[in-house]
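This one's a predicted model, so the numbers in the text were calculated from it and none came from an experiment.
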Amino acid sequence: MRISGHLNLLASLSLVVILAGCGGGSDDAEDTGPAPTGGALANLWFADSDSYHPLDKLKPNGSFYTGTEADFGTQNPAYAADTATQSRWAIDTSAVPPEGKTLSYSFKVEGVNAAENAAKALTSNLKINTATGLITQSCKGFPECYDNTSSADEDFLITVTAQASGGGRLVRNFLLRVRRNN
């Protein structure tokens, strides 16, 4: 009896592994061509500005970037200091397409240690340029701009997909942290 119970458990686990490895869904036909290439995406840290403006980008030491530093990174081409509705920063998630192909980009936001409504609120502010892969933030002040109302830093998993024309895709992710309100 004991051996047959172990065999049943082993058979059940094997079936789960086989099914998990099969994938499924209608996306499989889109992955038949060569995949785009690209390096890992870096984790980033931000803080909100009392919900009146887009998030401010933080340096690894926790201080604020002003946007003039050499290591600031990519800037948002739509940024205008006089309107403050567009983030100064942009997150470059671009990839290299297979030869002769073009890419289109999409993303999703999931809370790691953030509530589902926080992930939805952040998603409504973040925009991706579907042709270039640049992620930026756009909002018009309170209450539209994302506000970390929790008492802790919030981490979000951003998953970016670069889909090649004719098939093949590259899926990468990074953590976006929003510092708690002080």
Close side-chain approach of W45 to L175, heavy-atom, < 4.5 Å: no
Joint cluster assignment, L55 & V112, ILVMFWY side-chain distance < 4.5 Å: no
Exam field: side chain R179 to backbone G62, donor-acceptor pair closer than 3.5 Å: yes
Side chains of R177 and F156 in contact at under 4.5 Å (non-hydrogen atoms): no
Common cluster, V178/Y65, ILVMFWY with side-chain heavy-atom separation under 4.5 Å: yes
Salt bridge (charged side-chain N to carboxylate O under 4.0 Å, His left out) pairs, two or more places apart, involving residues 113-126: E116-K120
Partners passing side chain to side chain donor-acceptor pair (under 3.5 Å) against T83 (at least two apart in sequence or in another chain): none
Smallest separation among heavy atoms of Q86 and T136, with atom names: OE1-OG1, 4.3 Å
Close side-chain approach of T74 to W89, heavy-atom, < 4.5 Å: no
Flag for S104-Q163: side-chain donor and acceptor within less than 3.5 Å: no
F107 side chain near T159 side chain, heavy-atom distance below 4.5 Å: no
Approximate separation, where rounding is to 0.5 Å, of N125 CG and C145 SG: 6.0 Å
Spatial distance of atom NZ (K57) from atom CZ (R88) [nearest 0.5 Å]: 11.5 Å
hydrophobic_cluster_shared for Y79 and I135, side chain cutoff 4.5 Å: no
Between D92 and S94: side-chain donor-acceptor atoms closer than 3.5 Å: yes
Within-4.5 Å side-chain heavy-atom neighbours: L157 and V109: no
S63 versus N61, closest heavy-atom pair with distance: OG-OD1, 2.7 Å
Backbone of K101 reached by a side-chain donor or acceptor of S165 within 3.5 Å: no
Contact check, side chains of V160 and I128, non-hydrogen atoms, under 4.5 Å: yes
Nearest atoms (heavy-atom pairs only) where A131 meets Y105: O-CE1, 3.7 Å
Separation between CD of E154 and CG of N148, rounded to the nearest 0.5 Å: 3.5 Å
Any side-chain heavy-atom pair of V96 and P36 under 4.5 Å: no
Among D155, I91, N43, side chain to side chain contact (heavy atoms under 4.5 Å, CB included) partner for L176: I91
Nearest heavy-atom neighbours spanning L122 and Y146: N-CD1, 3.6 Å
Spacing of T93 atom OG1 and L134 atom CG [to the nearest 0.5 Å]: 7.0 Å
Value rounded to 0.5 Å, distance of CG in L41 from CZ in R172: 4.0 Å
Any T132 side-chain heavy atom under 4.5 Å of L103 side chain: no
Interatomic distance, T85 atom OG1 to H53 atom NE2 [nearest 0.5 angstrom]: 10.5 Å
Minimal non-hydrogen separation, S124 against A121, with atom names: OG-O, 2.7 Å
For A47 against F64, the heavy-atom pair lying closest together: CB-CE2, 3.8 Å
Any donor-acceptor N/O pair, N76 side chain to S87 backbone, under 3.5 Å: yes
